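Remember, it's a predicted structure, so these values are computed and weren't measured experimentally. Protein chains get the first letters and strands the later ones, always in sequence-line order, with residue 1 at the start of each.
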There are 2 protein chains.
Amino acid sequence: MSDDTRHSSAPTLEEVAVIAGVSRSTVSRVINRSPRVTAEAIAAVERAIGELGYVPNRAARILASRRTFAIALVIPENTAKFFADPYFASVIQGVALGLSSTAYTLSLLIAPEADAEKTRAFLQAGNVDGALILSHHSDDRSYLALSRTLPVVFGGRPMSDEGENAYYVDVDNVAAAEHAVRHLISRGRTRVATIAGPADMAAGLDRVEGWRRALEAAGLEADLVERADFTPAGGEDAMRRMLARGIPFDALFAASSQMASGALGVLREHGLSVPGDIAITSIDNDYFAQSATPRLTTIEQPSVEVGRTMARLLVDRIEGRDVTQVTIMPTQLVEGDSV
Amino acid sequence: MSDDTRHSSAPTLEEVAVIAGVSRSTVSRVINRSPRVTAEAIAAVERAIGELGYVPNRAARILASRRTFAIALVIPENTAKFFADPYFASVIQGVALGLSSTAYTLSLLIAPEADAEKTRAFLQAGNVDGALILSHHSDDRSYLALSRTLPVVFGGRPMSDEGENAYYVDVDNVAAAEHAVRHLISRGRTRVATIAGPADMAAGLDRVEGWRRALEAAGLEADLVERADFTPAGGEDAMRRMLARGIPFDALFAASSQMASGALGVLREHGLSVPGDIAITSIDNDYFAQSATPRLTTIEQPSVEVGRTMARLLVDRIEGRDVTQVTIMPTQLVEGDSV
DNA sequence: TTGTATGCGTTATCAT
DNA sequence: ATGATAACGCATACAA
């Protein structure tokens, strides 16, 4: 057992050098893929590395090179509540996947709003080469300042005004919503209600806006709005309030399939058929959309790709390559049986 | 702009020492809260730190102390497919939360099965102080070996035989399933079918086992089993197969609420009422359970707490404190309207 | 192309 | 209680 501890010291670059019969510098060059090394040297070093099972010590590397090869994925605490949102989870997965083929390590930071300062200090202290901010709320202001000292890429358009020159990946929520609503109108629906997202989230605002535009373009009235929090339970409540108004409508656009699925239950309860009485479209082709009865007609977002793209862009920025500030990912309508 | 780069070098411990008028050693002691420092020295150093906005360089610290203050959360790639599973997401969130109050950093690793070796090497190389393994599959064998050289805590009981002396946090899946099925029986149901999880996942196996035990204890037949993959779509297919058998049953125990929600749609399609014709219980009090119609009666697992506990246990192990090898978290039945 | 020497910012050992 | 100094493991300018 004391044996265990003794052997736990990992092989060092020095040992590799000895076995390969070259200097430490050469080993270092091979590891860092420097072009100025002979094929034989490379072979010898790689053999030695394999033999020893050598893996570079990250800390030493960071200290010497002044680069960390680490990026942070920052999730403000209130956003973390949406952790169970399939869209959200997919983006995180995409980030991790996008990074897995690189030398970068992903550091997951759930930032308590209380001391966002502490988080910023950590990020500024050179612990990471860049940061990905996944904030769906308007509290991204504190992180925008970060952009001045550290490569940062946002997931979703930052809401604060200072977000003008931030780098971010997003979908066109206004267009997506418009598309969903136009689809309802094209099927002859004329009275389209909406269950919108929170007013302090970009996706919340933009999707109502798209709904409004589609209706106005068709000369239809845009007055039936209920807000919820993107969850099924929220959608349920919103639908109850909507029905309580007593104003008839023949279609619903829900800003998220989760809310749509909550609303579906209430409609069923009230004996309203879908799509017979009420046609529905929503955003997010997730489990909720796919397992709803009837299956929802939705706008699909390339969630995993959004994450993957965020990661790629950040790495590109870190490594000095030019990247566009705003990346809008494509969305598409996926037909279900709710329209 | 070149100004920016010039100033980007963070203040060092050395600079703090100069301003505070003490040696580097003393500064280091203050930072590490060594008891052997005078109050005046502490005050002077802290003033200097505040003045400079000094933050210790992580890499240097790691290199010198041979500790990383980082822990890895390893998610084998095939498990990553379950990323959108609310249970899974909650556990991750719990881990992040549990760590946020400590000095440890969370490094998220999605490990391609192809080179699980590469991942192991990274972990062995001293890049982290410990690892959390979230594997729901039987492929955890490769990670069990890790336990010998690194503090490791598993989420969910490891499936391999060598898992005997692994540290893990889990719920009693057998008991949970038994509870769910007993509830059905206590309501007078006698013909209980089950939609089970995959046979290569501990939760898959254990929950069928619980179902079987409950039925046998009641002298009822345990023969109606269909396997699925824990997703709504899988539940849907499984239910179709179940109905295709043509064998009547009056209750269903689904190993996950996601599958139950998929099954619900099929039952409705076939004109079967819940709980009238078929009573249902399932595991996981998540969105799916809560937004189903009717709301599902389920067994709730403390998912966030599982994650938080995993984090706490790992930190305890790393810091040499004694911890129990197996931690079983409590579950409870939450009544919905499906029974 | 390769090796030598120095430095990265901190902790730890040893004196004092 | 404090300070000088040697590691920690690697990258890199410079020399060869």
Rounded to whole Å, how long is the line connecting atom [atom1] of [X] with atom [atom2] of [N]?
X        : N       : atom1 : atom2 : value
Ile31(B) : dA12(C) : CD1   : C1'   : 14 Å
Leu52(B) : dG9(C)  : CG    : C1'   : 14 Å
Leu13(B) : dT11(C) : CG    : P     : 6 Å
Leu63(B) : dA6(D)  : CG    : P     : 17 Å
Arg58(A) : dC8(D)  : CZ    : C1'   : 17 Å
Arg67(A) : dC10(D) : CZ    : C1'   : 15 Å
Asn32(B) : dT13(C) : CG    : P     : 13 Å
Glu14(B) : dT11(C) : CD    : C1'   : 14 Å

From [options], pick the nucleotide closest to the side chain of [X]?
X        : options                  : value
Ser65(B) : dT2(C), dT11(C), dG9(D)  : dT11(C)
Arg61(B) : dT12(D), dG9(D), dT10(C) : dT10(C)
Ser25(B) : dT5(D), dT12(D), dC10(D) : dT5(D)
Arg36(B) : dA1(D), dT2(C), dC10(D)  : dA1(D)
Ala60(B) : dG9(C), dA11(D), dG9(D)  : dG9(C)
Arg29(A) : dG9(D), dC14(D), dA4(D)  : dC14(D)

Reckon [X] touches a base, only the sugar-phosphate, or nothing at all at heavy-atom distances under 4.0 Å?
X        : value
Ala41(A) : sugar-phosphate
Val22(A) : sugar-phosphate
Thr12(A) : sugar-phosphate

Quiz item: Heavy-atom distance under 4.5 Å between the side chains of Leu132(B) and Leu134(B), does that happen here?
Solution: no
Exercise. Using a 4.5 Å cut-off on heavy atoms from C-beta on, say whether the side chain of Arg24(A) contacts that of Thr12(A).
Key: no
Self-check item: Within 45° cone of Phe154(B) ring axis and under 6.0 Å: Arg157(B) NZ or CZ
Solution: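 No.
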Taking only side-chain nitrogens and oxygens of [X], does any of them come within less than 4.0 Å of OP1 or OP2 of [N]?
X        : N      : value
Thr26(A) : dG3(C) : yes
Arg66(B) : dG9(D) : yes
Ser23(B) : dT2(D) : no

Practice problem: Answer yes or no: is there a donor N or O on one side and an acceptor on the other, between the side chain of Arg58(B) and the main chain of Phe69(B), under 3.5 Å? | Solution: yes
Self-check item: Under 3.5 Å: donor-acceptor pair, side chain of Asp129(B), backbone of Ile71(B)
Solution: no
Quiz item: Between Val37(A) and Arg24(A), who's closer to the 5' end of DNA chain C by nearest nucleotide?
Solution: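 Its nearest nucleotide lies further toward 5', so the answer is Val37(A).
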Quiz item: To the nearest 0.5 Å, what is the distance between OG1 (Thr119(A)) and CD1 (Ile133(A))?
Solution: 9.5 Å
